[in-house]
Amino acid sequence: MKKNILAIHAHPDDVEILAAGTLAQLAGAGHNVTIVTMTPGDCGSSDHPSDEIAHIRRQEAARSAARIGARYSCAEFGDLSIFSDDASRRRVVEILRQASPDLVLTASPVDYLCDHEATSQLVRDACFGAPTPNYATGANPAAPPLRAIPHLYFMDPIGGVDRDSCPVLPDFFVDVASEMEIKTAMLAEHASQRAWLLRHHGMDDYLETMRAWTHLNGGRAGVEFAEGFRRYRGHPYPQSPLLEELLGGTVIPRLYRP
Ligand SMILES: [Zn+2]
């Protein structure tokens, strides 16, 4: 039974860094994968005005998604302008209803950046609202309500740590060693970010940093490369391990605290 998978994070490249290997596995198994970014990354440049860099980054994100046959769309919030308010929640609910996901992967509730944390909260609450028939999004035409709350999983925070650099440990890891080539190719589509991160973050190798983080997770899991996920446990979200079941033998439970 093929499933609809929605990966939704704040900016172009977050999904690639944190979950592209897992999404490549799911797409390879025939599931329908949609990648949504909340913003087009309109502040991610010191060389282009916001409309220009947004245009560039939408195209980069679309090319990345296409590498695994995924659809891409942008929710068109602005960088540093994602807030959990009424209008934003309705917009995210409409996105969920259009994607009709069985399973949602989103940002960690705790992360280094306000946009990531706001995305996590908005998506969590939109999963609750999306099946509610009387919750109107105001879209015209509006997609129908979901049949049920989708399964909700959180990706790791960037770097696997909270704001105090304390590890945020996943429930389980996914062995993505076989997907590192496609994961790297997807991230490499975000060419505009290599120059930006060098200037703004002092990060001199975008791709190597992603590989190092994925390798660090692999070390925690006993494999070469891994991505980590947590299942949201709030009532009344579904608690059956759908993602683990879809992935099968590449799932490694976290049995110890490194
Ligand atoms: Zn981000």
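In what follows, every heavy atom counts, from backbone to side chain, and hydrogens, waters and symmetry copies are set aside. Just follow the structure's listing: the first ligand is 1, and inside any ligand the first atom is 1.
Shown are Glu189, Glu60, Glu181; of these, the salt bridge (Lys or Arg N to Asp or Glu O under 4.0 Å) with Arg67 is made only by Glu189.
Taking the ring axis of Phe173 as reference, the NZ or CZ atom of Arg254 does not stay both within 45° of it and closer than 6.0 Å to the ring centre.
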Stepwise, does the salt bridge (Lys or Arg N to Asp or Glu O under 4.0 Å) test hold for Glu76 with Arg58? CA-CA 10 Å; Glu76 300 299 342; Arg58 285 189 203 95; 2.7 Å; yes

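Residue pairs meeting the side chain to side chain donor-acceptor pair (under 3.5 Å) criterion with at least one member in residues 16-42, sequence neighbours excluded, are Asn4-Asn32, Glu16-Ser64, Glu16-His190, Thr22-Glu227, Gln25-Glu179, Gln25-Thr250, Thr34-Arg71, Thr37-Tyr72, Thr39-Asp79. Residues in residues 94-114 take part in these side chain to side chain donor-acceptor pair (under 3.5 Å) pairs, two or more places apart or across chains: Glu94-Gln98, Glu94-Thr137, Ser108-Arg230, Asp111-His116.
The set of protein atoms (N, O or S) found at less than 2.8 Å from the Zn ion (ligand 1) reads His11 ND1, Asp14 OD1, Asp14 OD2, His116 NE2, by chain and number.
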Less than 3.5 Å apart, which donor and acceptor atoms pair up between the side chains of residues 124-131 and the rest of the protein, not counting sequence neighbours?
none

